Amino acid sequence: MNLWLGLLVGFKEIWAHKFRSILTMLGVILGVASLLSMFSLTAGIAKGMREYMQQVGGIEQVSVIPQEPPEEQQLFADTSPGRTVKDAESIERSAPLISSVTPVSTLGGCAIHRGPITIRGSVDGCWPSYVEINKHNVAVGRNLCDLDLEEAKRVCVIGKVIVDRLWPEFPNYNPIGETILLNNRPFTVVGVFEFYEREQDKRRRQLAQEKANAKATPTPTPAKKRSGRSSRSTPLGNIPFLAKNSTIIIPISTMMFEFKSASVVGGVDQGPNLKLDALTFQVADINRFQEALAQVRRILTETHRTVEDFAFSTREEMFDAIEQNIHETRMSGGLIAGISLLVGGIGIMNIMLASITERIREIGVRRAVGAKARDIFVQIVVESAVIGFIGGLLGLIASAAMMKLLIYISPGKNAPVVELDNVLISFGFAVVIGVLSGLYPAWKASRLDPIEALRYG
């Protein structure tokens with residue numbers, strides 16, 4: 001009951017001195033708004049970075065790269081065939097900790113023709129698992145299949161930027177079934193990858209498109225087959241994903257027979273074995289990452305005839321650097337916002353001390369009619385906590401308005417992500433600051449001598 005009465009008295013005091021109370025809460029309001037906004041902006045940045053990491057393959061993607069063998073192996077280093085398709089087959093067959101693997105043979109500077117249009121690009125010969133490992137999604141048509149590999153079919157799956165560059169006159173053209181020339185050899189397009197971009201780039205592009213649509217006058221749609229999406233082509237300048245959006249893949253068997261016959265090693269009894277430009281695999285369980293690498297190392301040591309002319313390129317360092325940047329940003333922003341809350345707490349303490357000075361006679365009367373020192377202490381602390389509580393609520397509202405303002409000012413940036421944990425932490429800090437700020441004034445009020453308090457004023 002004393003606590004309930006303390007709450008009622010606290011609300012009455014705040015209502016009786018509304019302007020003074022608002023000024024007192026202002027520091028807490030700004031502190032909570034700054035803290036939650038910082039948390040939300042950092043969470044938005046973290047989400048964008050992690051999505052980017054996933055879209056480029058994720059931490060579970062590992063590449064086998066060539067390296068100079070140790071000095072003691074230099075004499076017999078030539079016995080190793082290097083990275084070949086046999087490596088990928090052995091990993092797929094004998095490495096249960098690996099979920100997917102793909103060999104890659106790249107044809108760089110390939111001339112890509114469609115009618116009068118010629119562009120240059122890279123073509124990757126690979127297995128169908130290339131799509132899964134590199135986090136591609138086929139938006140239209142299909143992926144490569146095992147039958148394409150077995151029959152060395154002249155089929156390809158191409159990126160959205162390639163479509164826009166080969167068919168610039170038809171935005172969002174659907175090229176399935178069309179024929180393009182790769183170094184003058186005809187290939188049928190069987191699939192198109194979706195367009196990849198960072199969240200802030202997507203927001204910026206959508207905003208620009210909305211403005212352009214508002215100004216543009218309606219024009220007739222070209223009489224060509226189109227997908228049912230936006231009527232505007234995708235930008236070519238999406239730098240982080242430009243290479244991924246420009247991907248062209250064909251079956252690796254087709255690459256071997258059509259373009260890379262000179263790179264085949266192995267005897268008649270062993271069958272053709274294509275030397276690779278890349279060998280990539282995906283770890284099935286990230287918690288057994290090192291164990292999976294050791295498993296692959298044992299397999300490659302055998303296929304490379306004990307010559308250690310290979311190494312692993314992982315993304316652990318990149319991932320750790322991203323997480324470290326996120327942590328440092330959150331800590332520095334939290335420190336600045338914490339200082340704002342501390343200033344708000346000092347303001348609450350100052351006002352509570354002033355309030356006690358005004359209410360010395362009231363405190364004397366309460367003590368004279370039987371109130372104990374702890375009752376006075378609890379009442380002052382509760383009043384201070386109420387100020388922190390209300391300031392915290394108003395701070396949450398101010399934070400929502402602040403984030404909307406930031407989105408309006410910088411629509412192309414990562415959108416803030418409001419998480420429940422961050423809301424509770426920010427609000428909890430406001431209440432804790434309110435309680436702590438009232439401890440000293442409450443202690444001082446509870447120590448007043450009743451006789452001297454009654455004589456005051």
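Source: prediction; values computed, not measured.
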Verdict with reasoning, I91 to L300, per side-chain contact (heavy atoms from CB on, under 4.5 Å): CA-CA 8 Å; I91 293 171; L300 294 181; 4.1 Å; yes
Looking at [X] and [Y], would you say the former's side chain and the latter's main chain have a donor-acceptor pair under 3.5 Å?
X    : Y    : value
R114 : I180 : no
K244 : N134 : yes
S63  : I65  : no
S246 : A243 : no
S437 : M349 : no
S332 : E328 : yes
S34  : L30  : yes
E258 : R185 : no

Matching residue for M352 among I387, T24, L439 - test: side-chain contact (heavy atoms from CB on, under 4.5 Å): I387
[atom1]/[X] to [atom2]/[Y] distance, rounded to the nearest 0.5 angstrom?
X    : Y    : atom1 : atom2 : answer
F241 : Y196 : CZ    : OH    : 9.5 Å
N245 : I158 : CG    : CD1   : 12.0 Å
F281 : T102 : CZ    : OG1   : 12.5 Å
S122 : D277 : OG    : CG    : 9.5 Å
Q61  : T314 : CD    : OG1   : 11.0 Å
I249 : C126 : CD1   : SG    : 4.0 Å

Looking just at side-chain N and O atoms, do [X] and [Y] make a donor-acceptor pair shorter than 3.5 Å?
X    : Y    : result
T301 : T306 : no
S105 : K260 : yes
Q295 : E291 : no

Intermediate values then yes/no, side-chain contact (heavy atoms from CB on, under 4.5 Å), L36 and F427: CA-CA 9 Å; L36 183 56; F427 180 72; over 6 Å; no
Pair E60-K135, salt bridge (Lys or Arg N to Asp or Glu O under 4.0 Å): steps then yes or no: CA-CA 11 Å; E60 64 272 20; K135 298 294 190 294; 3.0 Å; yes
Geometric class of the F259/F187 ring pair [parallel <30°, tilted 30-60°, perpendicular >60°]: parallel
Nearest heavy-atom neighbours spanning [X] and [Y]:
X    : Y    : result
V417 : G44  : CG2-CA, 3.7 Å
R120 : R165 : O-NH1, 4.4 Å
A152 : S253 : CA-OG, 3.5 Å
P168 : I117 : CD-CD1, 3.5 Å
A398 : I29  : CB-CG2, 4.0 Å
S94  : P96  : O-CD, 3.4 Å

Charged N-O contact under 4.0 Å between R305 and D78: no
Taking the side chain as every heavy atom from C-beta outward, state whether [X] and [Y] have any atom pair closer than 4.5 Å.
X    : Y    : value
P175 : L166 : no
V101 : Q282 : no
V62  : T280 : no
Y130 : L144 : no
L97  : D285 : no
F310 : R83  : no
V85  : L276 : yes
V32  : F429 : no

Sole residue of D309, T79, T84 in side-chain hydrogen bond (donor to acceptor under 3.5 Å, both in side chains) with H304: D309
Geometric cation-pi criterion K160 and F195, 6.0 Å radius, 45° cone: no
Salt bridge (Lys or Arg N to Asp or Glu O under 4.0 Å) evaluation trace for K275 with D87: CA-CA 10 Å; K275 298 194 76 170; D87 290 339; over 6 Å; no
Stepwise side-chain contact (heavy atoms from CB on, under 4.5 Å) test for V192 and I176: CA-CA 8 Å; V192 177; I176 302 302; 4.3 Å; yes
E194/V138 under side-chain contact (heavy atoms from CB on, under 4.5 Å): CA gap, chis, key distance, verdict: CA-CA 6 Å; E194 71 176 40; V138 179; over 6 Å; no
Heavy atoms of other groups near Q74 CD, more than 12 under 6.0 Å: yes
Crowding at CD, E71 (>12 non-hydrogen neighbours, <6.0 Å): no
